[in-house]
Amino acid sequence: MLPVWYIPVLALVADYLLADPLSWPHPVRLMGKAIERFEPWFRDLPVSLTTAGVLFAITLIVATWALTAAVIAVSIQVSPLFGMGVNAVLLYFCLSARGLEKAAMGVYRAFQKGDRDPARELLAGIVGRDVSVLDEKAMARATVETVAENLVDGVVSPLFFALIGGVPLAMAYKMVNTLDSMVGYKDDRYMKFGRGAAKIDDAANYIPARLSVFLIAAAAALLFRRGRPAFYTGFREGRKHASPNAGYPEAAFAGALSVWFGGPNIYHGVRIEKPCIGEGNDDVTPQHIPRACRLMMVSAVLAVVVVTLTVIVF
C-alpha cells in the first residue's frame with residue numbers, strides 16, 4: 001500500500017508539468033540499457049531459449065523491485081519527508097500520460113499543417129507498426145489506438161501495482177512493460193526468448209486493462225456523454241483483439257469516440273491481422289486525436305482519484 005495519499009497526486013502533477021524530458025536520466029531508459037546488456041548473457045546459458053528468456057525476465061524484474069525498495073528504504077532513513085519525495089519521484093517516472101499526449105498532439109499538429117511526412121515520422125516514434133504504408137486515416141487510427149492502449153501501460157497498471165505493493169512494485173511493472181516492448185516480438189529472434197516476457201506482461205496487465213474500461217467510460221460520460229457506449233463496447237468487443245488486454249481500452253475508446261479500430265498492420269516485417277473493433281462506427285480522422293488525448297488525460301486523473309480515495313479509506 002502507498003504510505004500516504006498524496007504520492008500519486010504529486011506523481012501525476014509532475015507528469016503533467018514535466019512529461020519526460022529527454023535530457024534527464026530516466027529509470028526506463030536505464031532498464032532498456034540493462035536489457036540490452038544482459039540479454040547476451042542469458043542467451044548463452046546452457047538451457048533452451050524459452051527457459052533462458054523466462055530466467056532473463058524474472059531476474060531483471062526482481063532486481064528492479066529490490067533496487068527500488070533499497071533506494072526507498074535508505075531515503076526514509078535519511079528523512080521520512082525525503083523518503084516520501086523519493087516515492088513520489090519514482091512513481092512519476094512510472095507514469096507517461098503527458099509524454100504520450102504531447103507525442104500524439106505532435107502528430108495532430110503536423111496533420112493540421114498538411115505535413116504528412118513529419119506526421120509519419122512522429123508516429124513512428126510511438127507505434128511499433130510499419131508507418132510507411134499508412135495513409136492519413138490509417139495514421140490517425142494508429143495514433144488513437146496507441147493513446148488508448150498506452151493508458152493502461154502508462155497510467156492504470158503502474159498505479160494499480162503501486163496501490164497493491166508500493167512504488168517498488170510499480171517500478172517492477174515498468175521493467176515488465178519495457179521487457180515486453182523490447183523482446184516480446186513474435187519474430188525469429190524473439191519468438192522463443194521473448195515468450196516469457198510477453199506472457200508476464202499479459203498477466204500483469206490483465207486486471208488493469210479491464211479496470212480501465214470503467215475509468216474510460218466515466219471519462220467519456222464527463223466529456224462526451226458517451227459513458228454507456230464506452231462501457232458496453234469495451235467489454236463486448238475488447239475480447240476480439242489478438243492481445244488478451246489491449247482490446248479492452250481500445251474498444252472502450254472506440255465506443256467513446258464512435259470510431260472503429262483494427263485491421264491488418266505490419267509489425268517488424270510481419271503482417272498481423274487484427275479484427276475490427278467498433279464495426280459500423282466512423283473512420284478515425286486526425287480530428288479524433290485531440291479528443292482521444294482529452295479522454296486519456298481525464299481517465300488518468302480519475303485513476304489517481306480512485307487510488308487516492310482507496311488509500312484514504314483503507
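Residue numbers count from 1 along this sequence. Small disclaimer: the values here were computed from a predicted structure and weren't measured. The analysis underlying the following values was restricted to heavy atoms, covering all of them including side chains, and did not include hydrogens, waters or symmetry mates.
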Quiz item: Closest approach of Ser75 and Ile72, non-hydrogen atoms and distance?
Solution: OG-O, 2.7 Å
Practice problem: Carefully, step by step, assess Tyr248 and Glu149 under the rule side-chain hydrogen bond (donor to acceptor under 3.5 Å, both in side chains). | Solution: CA-CA 8 Å; Tyr248 287 89; Glu149 183 178 349; over 6 Å; no
Practice problem: Tell me, please, which residues at least two apart from Pro80 pass side-chain contact (heavy atoms from CB on, under 4.5 Å). | Solution: none
Practice problem: Treat each ILVMFWY residue as a node, draw an edge where side-chain heavy atoms are under 4.5 Å apart, and state whether Leu95 and Val71 are in one component. | Solution: yes
Quiz prompt | Intermediate values then yes/no, salt bridge (charged side-chain N to carboxylate O under 4.0 Å, His left out), Arg141 and Glu136 | solution = CA-CA 9 Å; Arg141 185 165 63 251; Glu136 182 174 291; over 6 Å; no
Self-check item: Heavy-atom side-chain contact between Ile35 and Thr178 under 4.5 Å
Solution: yes
Quiz item: Do the side chain of Arg189 and the main chain of Val183 share a donor and acceptor less than 3.5 angstrom apart?
Solution: no
Exercise. Find out whether Lys192 and Ser48 are in side-chain contact, i.e. whether some heavy atom of one side chain is under 4.5 Å from a heavy atom of the other.
Key: no
Self-check item: Euclidean distance, Leu257 CG relative to Arg294 CZ, rounded to 0.5 Å
Solution: 9.5 Å
Quiz item: Which residue pairs satisfy the ring-ring contact (aromatic ring centres under 6.0 Å, His included) criterion with at least one member in residues 29-81, sequence neighbours excluded?
Solution: Phe38-Trp41, Phe42-Phe56, Phe56-Phe193
Quiz item: Any side-chain heavy atom of Thr308 sitting closer than 4.5 Å to one from Tyr6?
Solution: no
Exercise. Might you work through the side-chain contact (heavy atoms from CB on, under 4.5 Å) test for Phe82 and Ile76, ending with a clear yes or no?
Key: CA-CA 6 Å; Phe82 180 66; Ile76 291 175; over 6 Å; no
Below 3.5 Å, can you tabulate the donor-acceptor pairs from side chains in residues 223-231 to any protein atom, sequence neighbours excluded?
from: Arg226; atom 1: NE; to: Gly255; atom 2: O; distance (Å): 3.0
from: Arg226; atom 1: NE; to: Ala256; atom 2: O; distance (Å): 3.1
from: Arg226; atom 1: NH2; to: Gly255; atom 2: O; distance (Å): 2.9

Quiz item: Salt-bridged, Asp15 to Arg98, with N to O below 4.0 Å?
Solution: no
Quiz item: What are the two closest heavy atoms between Asn281 and Ala254, and how far apart are they?
Solution: ND2-O, 3.7 Å
Practice problem: Establish whether Val156 and Val306 are linked, either directly or via other cluster members, by ILVMFWY side-chain heavy-atom contacts under 4.5 Å. | Solution: yes
Self-check item: Polar side-chain atom of Asn205 near backbone of Asp201 as donor-acceptor pair, under 3.5 Å
Solution: yes
Self-check item: Identified side-chain contact (heavy atoms from CB on, under 4.5 Å) counterpart of Thr143 within the set Val284, Leu123, Leu122
Solution: Leu123
Quiz item: With a 4.5 Å heavy-atom cut-off, do His241 and Phe261 have their side chains touching?
Solution: no
Quiz item: Does CD1 belonging to Ile312 count more than 12 external heavy atoms closer than 6.0 Å?
Solution: yes
Quiz prompt | Heavy-atom donor-acceptor pair, His288 side chain to Thr285 backbone, under 3.5 Å | solution = yes
Practice problem: Answer yes or no: is there a side-chain heavy-atom contact under 4.5 Å between Lys199 and Arg195? | Solution: yes
Quiz item: If only atom types and distance count, is the side chain of Glu101 paired as donor or acceptor with the main-chain N or O of Met297 below 3.5 Å?
Solution: no
Quiz item: Linking I/L/V/M/F/W/Y whenever their side-chain heavy atoms sit closer than 4.5 Å, directly or via other members, would Leu295 and Val107 fall into one cluster?
Solution: yes
Quiz item: side-chain contact (heavy atoms from CB on, under 4.5 Å) with Ala103: which residues, sequence neighbours excluded?
Solution: Ile126
Quiz item: With no hydrogens and no angle check, do the side chains of Ser258 and Asp282 hold a donor and an acceptor under 3.5 Å apart?
Solution: no
Quiz item: Is the backbone N or O of Tyr206 less than 3.5 Å from a side-chain atom of Arg210, with the two atoms forming a donor-acceptor pair by type?
Solution: yes
Quiz item: Do the charged groups of Glu250 and Lys240 touch, with an N to O distance under 4.0 Å?
Solution: no
Practice problem: For Leu10, look at atom CG and say whether over 12 heavy atoms of other residues, nucleotides or ligands are found less than 6.0 Å away. | Solution: yes
Quiz prompt | Cluster companions of Trp260 among Ile, Leu, Val, Met, Phe, Trp, Tyr (side-chain spacing under 4.5 Å) | solution = none
Practice problem: Output all residues satisfying side-chain contact (heavy atoms from CB on, under 4.5 Å) with Asn150, sequence neighbours left out; order by chain, then residue number. | Solution: Leu100, Thr146, Asp153
Quiz item: Looking only at heavy atoms, which two atoms of Ser157 and Tyr173 are closest? And how far apart?
Solution: CB-CZ, 3.3 Å
Practice problem: Assess whether atom CD of Glu279 is packed by more than 12 heavy atoms of other residues, nucleotides or ligands within 6.0 Å. | Solution: no
Quiz item: Heavy-atom distance under 4.5 Å between the side chains of Val311 and Val4, does that happen here?
Solution: no
Quiz item: Is Met139 close to Arg116 at the side-chain level, that is, under 4.5 Å between some pair of heavy atoms?
Solution: yes
Practice problem: Decide yes or no for Leu163 and Leu159: does some side-chain heavy atom of the first lie under 4.5 Å from some side-chain heavy atom of the second? | Solution: no
Quiz prompt | Contact summary for Val167 and Asn87, nearest pair of heavy atoms | solution = CG2-OD1, 3.2 Å
Practice problem: Decide if atom CZ of Phe235 counts as having more than 12 heavy atoms of other residues, nucleotides or ligands within a radius under 6.0 Å. | Solution: yes
Exercise. State yes or no: do Leu30 and Val74 share one hydrophobic cluster built from I, L, V, M, F, W and Y residues joined by side-chain heavy-atom distances below 4.5 Å, directly or via other members?
Key: no
Practice problem: Could you tell me which non-hydrogen atom of Pro249 sits nearest to which non-hydrogen atom of Ser212, and how far apart they are? | Solution: CB-OG, 3.8 Å
Exercise. State plainly whether the residues Asp20 and Arg29 are in salt-bridge range, i.e. N to O under 4.0 Å.
Key: yes
Self-check item: Linked, directly or transitively: Phe214 and Leu151 (ILVMFWY side chains, under 4.5 Å)
Solution: no
Quiz item: When you look at CG of Asp188, are more than 12 heavy atoms from neighbouring residues, nucleotides or ligands closer to it than 6.0 Å?
Solution: no
